[in-house]
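By convention in this document, chain letters (A, B, ...) are assigned in the order of the sequence lines, proteins followed by strands, and residues within each chain are numbered from 1.
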Amino acid sequence: MSKEKAPERLIDDSGLRIDGRRPEDLRPIKLEVGVLENADGSAFIQQGKNKILVGVFGPREIHPKHMVLPDRAVIRCRYRMAPFSTEERKNPAPSRREIEISKVIREALEPAVMSEYYPRTVIDIFIEALQCDGGTRCAGIVAASLALADAGISMKELVSACSAGKVGGQVVVDLCDLEDKYGEADLPVALMPNLSAVTLIQMDGKLSREEFEKALDMASEACRQIRNFQAEALRHKYQGMVDTEEPPATGEASK
Amino acid sequence: MSGASLTMYAQKKQLVTPGELLAQGDYYPDLNTFKIGNSVYSTILGISDLRENRLSVVPLKHCYIPSVGDLVIGTIVDIGMSGWSVDINSPYPALLLATEVLNRQHSQRTETDRIFSVGDLVKAKVIAFDRTRDPLLTVKDRGLGKVTHGRVMKISASKIPSLIGKEGSMISMLKKESSCSLSVGQNGIVLVTCESPENEELVMDVVKMIEREAHTHGLTDRVLDMIKKGRKGGKVVEGEGP
């Protein structure tokens, strides 16, 4: 495969981005809940070329025992990129970047989880990035909060996340890998939309105050949109189990 | 009620997601909900319920959190001098003290070993549990103790109330119609004991159906139907007299 080249222009004359989106457009998102049999809760997200699988275990007995917290559950989170997730093979050993992302994702989810309901236990979150194309920490948070909800864990609110940034002099939302690499700034935001509480905000690159505010607004708006997709994904999975009127037509009654 | 500004967003018995706004106004937040200012939100994936002005959410899935008085079925996982560790399908490992069985303070390892061994199933009752200590079990009651025969199955702990039904209606109907004995642990372990293996099989299928269709209408009728159809076949196999 040819070596990736920096694109000449990230935004063309008609104002479209490198993948044909307008500045305020999100990549297409597909969310699926309850995809794994053995995990207590699971979710899969496909956002553009990103493919991320999340499994949640817990609340369960904590090991090693010295990690126990007497008043609430410990939340452990591991973000991991598959060796085949990037263009060049990624060394499977946990990198500095993965360890950092694990930590920021954990901290983005902790305010939402009502861990005081489950003292002396642990909730494990495993995030496996199968294919990466920029914004995986945000996509990971979106899927992880769905997996937590799927596991039946009490939460104040679903956490949704999206990045914004500056590319080719313009503030845009939901950056892809090329925009992230060659753009001027990247601003991932995680939000609990119904509570209007930001749980993650990071920035690399430079933004003026006005640009920052615009980017934050755009990212928050995107989070609100994603929050609707999340609720929809949960409904899609569980609506069938809860009928309000007639019983579902299954041939189950006769053994 | 003041009735100043009562707005229900979720219908009664509707699927709700964590963080979903259920209602605004003079409502009291009950189980699995919380209130900020005037708004009541859900905290869990479940089904909304409104009684008077109390809003609650019945969870679709949850892990088993012991509570005092619960009947549970567990597996012995460890033997100690003073008792047994029991896995009760919960984040908290339970302890069954030897004094509960032996009626005396000091026991020897060989004694505890003789009564229950690792892998044994026990039917027990939770006698103590709080946030700071692991649950304590007892087998000092009628029908409690080692499980010697029957089949065990595991269902989601959140579906146990549906299996039991209102004031035990579902479970007593199930017992009557199938003439099997069922022990339902609050922790999601169900023990089925029947005369014939065919009936055991049938009852297990029925329990699985109840788990799958716990939140649907007309479940009782379908359960009844399924047992009647299944039983008919079962009787022929048994070759029961007229």
Side-chain angles (χ1 to χ4, degrees), chain A residues 33-34 40-41 57-62 70-73 112-114 116-123 145-146 148-160 192-195 227-228 230-248 250 252-255, chain B residues 11-21 32-34 36 39 41-47 57-63 65 87 90-93 130-134 156-158 201-202 205-206 208-209 211-219 221-227 229-230 233-234:
Chain A
V33 177
D40 293 324
F57 288 91
R60 61 178 176 181
E61 221 184 312
I62 187 164
D71 59 335
R72 65 196 143 100
V113 177
M114 303 177 90
E116 64 279 8
Y117 272 31
Y118 313 104
R120 300 181 293 122
T121 62
V122 65
I123 296 168
S145 76
L146 274 183
L148 285 167
D150 180 46
I153 291 167
S154 288
M155 294 164 84
K156 291 196 189 82
E157 163 68 323
L158 294 172
V159 185
S160 57
M192 295 196 275
N194 278 352
L195 307 178
R227 154 79 232 220
N228 290 338
Q230 286 175 300
E232 218 172 89
L234 282 172
R235 286 226 175 78
H236 181 76
K237 168 80 182 174
Y238 286 101
Q239 195 61 263
M241 286 172 65
V242 188
D243 77 333
T244 32
E245 285 312 301
E246 64 264 325
T250 47
E252 225 72 62
S254 55
K255 190 197 146 193
Chain B
Q11 302 297 308
K12 200 183 168 189
K13 309 268 180 205
Q14 186 197 310
L15 181 71
V16 293
T17 54
E20 191 167 319
L21 181 61
N32 299 314
T33 56
F34 68 101
I36 294 184
S39 312
Y41 296 94
S42 162
T43 65
I44 207 161
L45 181 74
I47 295 155
V57 175
V58 180
L60 275 183
K61 267 180 162 183
H62 64 74
C63 65
I65 304 290
D87 173 16
S90 152
Y92 308 102
D130 63 37
R131 290 168 57 90
T132 55
R133 260 169 303 168
D134 285 336
S156 167
S158 55
E201 206 67 64
L202 170 69
D205 283 342
V206 172
K208 276 182 207 149
M209 183 190 81
E211 183 191 17
R212 209 168 41 238
E213 302 174 15
H215 302 284
T216 56
H217 282 267
L219 182 62
D221 295 340
R222 267 172 292 144
V223 168
L224 207 58
D225 197 42
M226 190 169 167
I227 298 173
K229 275 184 191 159

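Across every non-hydrogen atom of L234(A) and P18(B), the tightest pair is CD1-CD, 4.2 Å. Listed here is the closest heavy atom pair of R120(A) and R131(B): NE-O, 2.8 Å. Closest approach of G19(B) to E157(A), counting heavy atoms only: CA-OE1, 3.1 Å. Residues C63(B) and Y118(A) come closest through the heavy atom pair SG-CE2, 4.4 Å. Of all non-hydrogen atoms in S154(A) and I44(B), the two that sit nearest each other are OG-CD1, 3.7 Å.
Using a 4.0 Å cut-off between charged nitrogen and carboxylate oxygen, K61(B) and D40(A) do not count as a salt-bridge pair.
Here the side chains of P59(A) and Y92(B) are not in contact, with every heavy-atom distance at 4.5 Å or above.
Of the two parts of I47(B), only the side chain, counted from C-beta on, holds a non-hydrogen atom closer than 4.5 Å to a non-hydrogen atom of chain A. Only the side chain of I36(B) comes within less than 4.5 Å of a heavy atom of chain A; its backbone N, CA, C and O stay farther away. With a threshold of 4.5 angstrom between heavy atoms, D130(B) approaches chain A through N, CA, C or O but not through any side-chain atom. Neither the backbone nor the side chain of L148(A) comes within less than 4.5 Å of any heavy atom of chain B. If you measure heavy-atom distances from R60(A) to chain B, the contacts under 4.5 Å come from the backbone alone. With a 4.5 angstrom heavy-atom cutoff, S39(B) does not touch chain A via any of its atoms.
Taking OG1 from T17(B) and CD from E232(A), the interatomic distance works out to 11.0 Å, rounded to the nearest 0.5 Å. The CD1 atom of I65(B) sits 7.0 Å away from the OG1 atom of T121(A) when rounded to the nearest 0.5 Å. For the atom pair CE of M155(A) and OG of S42(B), the computed distance is 11.0 Å after rounding to the nearest 0.5 Å. For the atom pair CD (Q239(A)) and NE2 (H215(B)), the distance works out to 12.0 Å, reported to the nearest 0.5 Å. Here the OH atom belonging to Y238(A) is positioned 9.5 Å from the CG atom belonging to L15(B), to the nearest 0.5 angstrom.
Your options are D134(B), N32(B), V16(B), and the one with the most heavy-atom pairs under 4.5 Å with chain A is D134(B). By number of non-hydrogen pairs under 4.5 angstrom with chain A, the leading residue of L21(B), L60(B), L219(B), V223(B) is L60(B). Contact count against chain A (heavy-atom pairs under 4.5 Å) is highest for P91(B) among P93(B), P91(B), S158(B).
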